[in-house]
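A quick write-up on the structure given underneath.
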Amino acid sequence: MKGREKLLKKFNEAFANCDTEFLANSVTDDIVWNIVGEKLISGRKDFEKSLDRMRHGGPTEIFVNEMIISDDRSVVEGIVEFYVEPGKKKKYAFCDVYVFSEIDDTKFKELRTYVALLNKKGL
């Protein structure tokens with residue numbers, strides 16, 4: 001399980017650093033990324049297109065509060081900051097559910113993201 005914890009930490013660091021190459025290499029070709037209530041991204045090509053948009057206003061920092069790791073899936077919960085315009089950040093609470101590939105357990109085949117904008121008090 002320690003290997004998965006390292007992978008999840010590195011994956012979230014890659015999001016914060018907009019390391020799109022690492023992120024793209026961490027998913028299967030048939031990845032499904034469901035940003036619940038927003039959009040569904042299917043396939044590695046669409047996943048990579050979505051990642052490219054991060055370079056123009058992606059996350060600036062990610063704070064992981066909790067990580068739950070099991071055999072075939074893991075959950076990461078925390079806070080992410082995004083620039084919404086130059087000099088202005090917004091904070092969001094997130095919860096990601098990662099489902100690992102049965103063939104290569106260093107890759108994700110599914111990612112479900114739940115996200116909510118936090119107000120100034122963090123609620």
Side-chain angles (χ1 to χ4, degrees):
M1 295 292 176
K2 283 287 185 198
R4 289 221 172 136
E5 184 176 345
K6 285 182 183 179
L7 175 62
L8 290 165
K9 284 181 180 180
K10 194 168 181 179
F11 195 81
N12 278 275
E13 288 170 4
F15 260 109
N17 297 324
C18 294
D19 184 351
T20 56
E21 184 177 339
F22 178 82
L23 295 168
N25 289 328
S26 298
V27 301
T28 60
D29 289 340
D30 60 345
I31 180 71
V32 174
W33 184 12
N34 183 3
I35 304 171
V36 178
E38 295 291 321
K39 61 183 163 182
L40 184 67
I41 298 163
S42 296
R44 186 177 170 139
K45 188 177 258 185
D46 285 344
F47 183 78
E48 289 174 350
K49 282 181 192 174
S50 184
L51 295 177
D52 281 340
R53 290 186 210 120
M54 283 180 21
R55 294 181 191 186
H56 310 289
T60 61
E61 213 163 343
I62 295 177
F63 306 95
V64 173
N65 297 333
E66 187 166 4
M67 209 177 283
I68 301 167
I69 300 169
S70 71
D71 290 338
D72 65 340
R73 64 194 67 226
S74 295
V75 178
V76 176
E77 180 262 331
I79 306 292
V80 62
E81 292 182 349
F82 281 93
Y83 277 112
V84 291
E85 57 188 64
K88 187 175 179 184
K89 292 182 189 178
K90 286 196 176 185
K91 288 185 180 183
Y92 297 83
F94 73 90
C95 182
D96 289 328
V97 178
Y98 298 88
V99 179
F100 293 91
S101 167
E102 298 91 10
I103 298 166
D104 182 352
D105 69 354
T106 65
K107 294 188 182 239
F108 307 108
K109 69 176 186 176
E110 183 182 342
L111 175 58
R112 286 189 309 273
T113 298
Y114 300 86
V115 65
L117 177 63
L118 296 175
N119 65 24
K120 294 179 183 180
K121 295 180 183 180
L123 302 173

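Quick caveat, the model's predicted, so the values are computed rather than measured. Along the sequence shown, the residues carry numbers beginning at 1.
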> Are Glu81 and Phe63 side-chain neighbours, meaning at least one heavy-atom pair lies under 4.5 Å?
Replying inline: yes
> What are the two closest non-hydrogen atoms of Ala16 and Ile62, and how far apart are they?
Replying inline: N-CD1, 3.8 Å
> Checking Ser50 side chain against Asp46 main chain: does a donor-acceptor pair fall under 3.5 Å?
Replying inline: no
> Would Val115 and Phe47 show up in the same hydrophobic cluster when neighbours are defined by side-chain heavy atoms closer than 4.5 Å?
Replying inline: yes
>> Measuring from atom CZ of Phe108 to atom OG of Ser26, what distance do you get when rounded to the nearest 0.5 angstrom?
In response: 6.5 Å
> Taking a hydrophobic cluster as the set of Ile, Leu, Val, Met, Phe, Trp and Tyr residues connected by side-chain heavy atoms closer than 4.5 Å, whether directly or through intermediates, do Ile41 and Val97 fall within one such cluster?
Replying inline: no
> Can you name the closest pair of heavy atoms from Leu111 and Asp96 and give their distance?
Replying inline: CD1-CB, 3.8 Å
>> If you apply the rule side chain to side chain contact (heavy atoms under 4.5 Å, CB included), what do you find for Asn34 with Thr113, and how did you get there?
In response: CA-CA 6 Å; Asn34 183 3; Thr113 298; over 6 Å; no
> In Å and rounded to the nearest 0.5 Å, what is the OG1 to NZ distance from Thr28 to Lys109?
Replying inline: 8.0 Å
>> Would you compute the distance between atom CG of Leu23 and atom NZ of Lys10 and round it to the nearest 0.5 angstrom?
In response: 11.0 Å
> Is there a path from Phe15 to Tyr92 through hydrophobic residues (I, L, V, M, F, W, Y) whose side chains come within less than 4.5 Å of each other?
Replying inline: yes
>> So Glu102 and Asp72, do their side chains get closer than 4.5 Å, heavy atoms only?
In response: no
> Between Glu13 and Lys9, is a salt bridge (Lys or Arg N to Asp or Glu O under 4.0 Å) present by the stated rule, with each step listed?
Replying inline: CA-CA 6 Å; Glu13 288 170 4; Lys9 284 181 180 180; over 6 Å; no
> How far apart are the closest heavy atoms of Leu117 and Lys90, and which atoms are they?
Replying inline: CD1-CD, 3.8 Å
> Are Phe82 and Phe11 in one and the same hydrophobic cluster, where Ile, Leu, Val, Met, Phe, Trp and Tyr link if side-chain heavy atoms are under 4.5 Å apart?
Replying inline: yes
> Can Val99 and Arg112 be said to form a side chain to side chain contact (heavy atoms under 4.5 Å, CB included), step by step?
Replying inline: CA-CA 9 Å; Val99 179; Arg112 286 189 309 273; 4.2 Å; yes
> Would Phe94 and Tyr114 count as a close aromatic pair, with their ring centres under 6.0 Å?
Replying inline: no
> What is the minimum heavy-atom distance between Asn25 and Lys107, and which atoms define it?
Replying inline: O-NZ, 3.1 Å
>> Using the rule given for side chain to side chain contact (heavy atoms under 4.5 Å, CB included), can you reason through Val32 versus Leu40, listing the C-alpha separation, both sets of side-chain angles and the distance that settles it, and then say yes or no?
In response: CA-CA 7 Å; Val32 174; Leu40 184 67; 3.6 Å; yes
>> If you compare all heavy atoms of Leu118 against all heavy atoms of Ala93, which two are closest, and at what distance to 0.1 Å?
In response: CG-N, 3.8 Å
> Ignoring hydrogens and geometry, is there a side-chain-to-backbone donor-acceptor pair from Asp104 to Thr106 under 3.5 Å?
Replying inline: yes
> Leu7 and Met67: same hydrophobic cluster, using ILVMFWY side-chain contacts below 4.5 Å?
Replying inline: yes
>> Tell me if a side-chain donor or acceptor on Arg4 pairs with a main-chain N or O of Ile69 at a distance below 3.5 Å.
In response: no
>> Can you tell me how far apart CD1 (Ile68) and CD (Glu77) are? Round to the nearest 0.5 Å.
In response: 8.5 Å
> Has Ile103 got more than 12 heavy atoms of other residues, nucleotides or ligands less than 6.0 Å from its CD1?
Replying inline: no
>> Working to the nearest 0.5 angstrom, can you tell me the gap between Lys91 NZ and Ile79 CD1?
In response: 7.5 Å
>> I need the minimum non-hydrogen distance between Val75 and Cys95, along with the two atoms involved.
In response: CG1-SG, 3.6 Å
> Do Arg73 side-chain atoms and Glu110 backbone N/O form a donor-acceptor pair below 3.5 Å?
Replying inline: no
